[in-house]
Protein chains: 2
Amino acid sequence: MYEKYVKILKDHTLKITSPRLEVLKYLDEHHTHPNVEEIYSSLKKTHPSLSRTTVYNSLEILKKNRIVQSLAISGSELRYDIDERLHHHFICNRCGAILDISIACPNMDKTLQGGHRVEEVQGYFKGICKKCQTKEKGRSNNG
Amino acid sequence: MYEKYVKILKDHTLKITSPRLEVLKYLDEHHTHPNVEEIYSSLKKTHPSLSRTTVYNSLEILKKNRIVQSLAISGSELRYDIDERLHHHFICNRCGAILDISIACPNMDKTLQGGHRVEEVQGYFKGICKKCQTKEKGRSNNG
DNA sequence: ATACTAAATTGTAATAATAACAAAAAAGAA
DNA sequence: TTCTTTTTTGTTATTATTACAATTTAGTAT
C-alpha cells in the first residue's frame, strides 16, 4: 500500500512519517494541483490528529528533495504537484482548474540562463479552459 | 512629462487620474518587477494622500487593459511589470531579484492550447542569480 | 464656468495564506 | 529499551489581498 512512498522517502534519506506518506500518496493519487487547504482538509478526515503546519512542513521538505514541485501560478496560493518530468500548466481564470499541458519546449532543461544557475523551470498559460468555454456558449444562447 | 501615460490611458478609454499616471510612470521607470508595497511606499513619499487600496485598484484596471502584467512568480505576492512584449523571467531564490530573460520560445504567442483559450503566457526560471553566485564563492573562499 | 453623475480614491476592517515558535510526540540509532 | 534528534502539533503572528462605505474627483452636459 505505502511501500512505494516509503521507498521514495528512503531514497532521499528522509524519515518515514505518517504525514509525509499521506501527503505523498495524496499528490500521487490527485493530479489536480491542490493547494495546502485541499490536501489538509482531505487528509484530516482520515487522520484527525493531522496539523495544517505539518502539511506545510511536509510539502516543504518534499519540495526541497525535488519529490514534489510547487506552482506559483494562481497568484494567491501555492499549488502542489508530484514532480513528474517537466511539463507546462494551464490555469482557468473562470473555474480555477489547473491542467497539465504537454508541449515541446526548448527551455525546459536549461540549467543556465544568462549566467544564472537555474534550479526550476515553470511555464504556464492563463485563460479560459475548454469546459468553461462550452458553458459560456450555452449561457449566451439561452438567455 | 506625463503626456505619454495620459495617452496610454486615453487609448484605453480609462479615466485620467493621478494615481494611475503615477503607477504607470513608476513601472515605466522601474523595471524591477516591484510588488505592491514597493510601488505604494515609493509613491507615498511624493503623494502622501495615496492609498494602498488605490494602488491595488490601479494595477488591477491597468492589468485588465493589458497595460501591465502581473507575475505570480514569487509565490507569496504578485510582482508587476509594464507589459512590453512577452519575455521570460528569472527569480533568484537568494536575493529575490526578478530579472528579464530574453530567449526564443515557440509557445509565447499561442492563443490556443489543447482547446483552451490562452490569454496570458508566462515562463519563469528559479535559481541563484549570477550576482549571488559570485558572493557565494567569495564567502566560501574567505572562511 | 456650473452642476451633475458615474467612477475613482481613501481608510478601515476582514480574510486568507503562510511563517514563527515552543511543547509534546515519534523515528531511528545505540 | 533508552537516548537524541527530528517531526508533529497547536497556537499565535505576519503579510498580501479583498470588501466595503464614505468622500472626492473626472468627464460630460448645461
Side-chain angles (χ1 to χ4, degrees), chain A residues 2 5-24 26 33-44 46-65 67-68 70-80 93 96 98, chain B residues 2 5-24 26 33-44 46-65 67-68 70-80 93 96 98:
Chain A
Y2 287 90
Y5 311 113
V6 170
K7 177 167 171 27
I8 293 174
L9 293 178
K10 274 196 178 151
D11 287 351
H12 289 81
T13 58
L14 294 174
K15 286 199 176 172
I16 317 299
T17 70
S18 169
R20 289 175 185 177
L21 292 173
E22 293 299 334
V23 167
L24 207 39
Y26 187 86
H33 315 86
N35 60 15
V36 172
E37 197 56 30
E38 284 164 40
I39 300 169
Y40 168 71
S41 60
S42 179
L43 297 181
K44 184 82 174 175
T46 46
H47 300 77
S49 79
L50 181 67
S51 158
R52 206 184 316 261
T53 300
T54 300
V55 177
Y56 277 99
N57 290 343
S58 299
L59 286 169
E60 192 182 315
I61 201 164
L62 291 174
K63 188 185 171 187
K64 263 192 193 143
N65 282 270
I67 300 168
V68 309
S70 68
L71 308 178
I73 177 174
S74 93
S76 65
E77 65 193 359
L78 290 176
R79 300 296 203 99
Y80 290 87
N93 288 328
I98 296 181
Chain B
Y2 287 90
Y5 311 114
V6 170
K7 176 165 170 28
I8 294 174
L9 293 179
K10 273 195 179 154
D11 287 352
H12 289 81
T13 57
L14 294 174
K15 286 199 176 173
I16 317 300
T17 71
S18 170
R20 289 176 185 176
L21 292 172
E22 293 298 335
V23 167
L24 208 39
Y26 186 88
H33 314 86
N35 60 18
V36 172
E37 197 56 30
E38 285 165 41
I39 300 169
Y40 168 72
S41 59
S42 180
L43 297 181
K44 184 83 175 174
T46 46
H47 298 76
S49 78
L50 181 67
S51 158
R52 206 185 315 261
T53 302
T54 301
V55 177
Y56 276 99
N57 290 343
S58 299
L59 287 168
E60 192 183 315
I61 200 162
L62 291 173
K63 190 186 169 189
K64 263 193 193 143
N65 283 270
I67 299 167
V68 308
S70 68
L71 308 177
I73 179 174
S74 93
S76 65
E77 66 194 358
L78 290 176
R79 300 296 204 97
Y80 290 87
N93 288 328
I98 296 181

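Values below: every heavy atom of this structure, side chains too, minus hydrogens, waters and symmetry copies. Note on naming: letters A, B, ... go to the chains in the order of the sequence lines (proteins, then strands), and numbering restarts at 1 for each one.
Between the side chain of A:Ser41 and the backbone N or O of A:Glu37 there is at least one donor-acceptor pair closer than 3.5 Å. Side chain of A:Asn65 to main chain of A:Ile67: no donor-acceptor pair is present (N/O by atom type, distance under 3.5 Å, no hydrogens or angles).
Phosphate proximity of C:dT10 to B:Ser49: present, with a side-chain N or O under 4.0 Å from OP1 or OP2. An OP1 or OP2 oxygen of C:dA17 is reached within less than 4.0 angstrom by no side-chain nitrogen or oxygen of A:Ser76. Regarding contacts with the backbone of C:dA8, every side-chain N or O of B:Ser58 stays at 4.0 angstrom or more from both OP1 and OP2. Proximity of B:Arg20 to the phosphate of C:dA8: a side-chain N or O atom is located under 4.0 Å from OP1 or OP2.
For the pair B:Arg79 CZ and D:dT17 P, the interatomic distance rounds to 10 Å; values are reported in whole Å. Here C:dA26 presents its C1' atom at 15 Å from CG of A:Leu50, a figure rounded to the nearest Å. Spacing between atom NZ of B:Lys63 and atom P of D:dT17 amounts to 11 Å, rounded to whole angstrom units. One can place CD1 of B:Ile61 at 9 Å from C1' of C:dA8, the figure rounded to the nearest angstrom.
Nucleic acid contact class of B:Thr17 (heavy atoms, under 4.0 Å, all strands): sugar-phosphate only. Base engagement by A:Asn57 is indicated by at least one non-hydrogen atom pair under 4.0 Å involving a base atom.
Under 3.5 Å, the side chain of A:Thr53 and the base of C:dT18 form no donor-acceptor pair of N or O atoms.
When side chains are defined from C-beta on, B:Arg20 does not count as touching B:Ile16, because their heavy atoms never get closer than 4.5 Å. Looking at B:Leu78 and B:Val36, their side chains never come closer than 4.5 Å, going by heavy atoms from C-beta outward.
Nearest-nucleotide mapping onto DNA chain D: of A:Lys44 and B:Arg52, the residue sitting toward the 5' end is A:Lys44. Each of A:Leu14 and B:Glu37 was assigned the nucleotide of DNA chain D with the nearest heavy atom; the assignment lying further toward the 5' end belongs to A:Leu14.
Side-chain atoms of B:Thr54 lie closest to C:dT9 of the nucleotides C:dT9, C:dA19, D:dT17. In the set C:dG11, D:dG10, C:dT10, the nucleotide with an atom closest to the side chain of A:Ser51 is D:dG10. The side chain of B:Lys15 lies closest to D:dA26, out of C:dA27, D:dA26, D:dA16. Checked against C:dT18, D:dG10, C:dG28, the side chain of A:Val36 finds its nearest nucleotide in C:dT18. Nearest to the side chain of A:Leu78, among C:dT18, D:dG27, D:dT17, sits C:dT18.
With 3.5 Å as the limit, one finds a donor-acceptor pair spanning the side chains of B:Tyr2 and B:Glu22.
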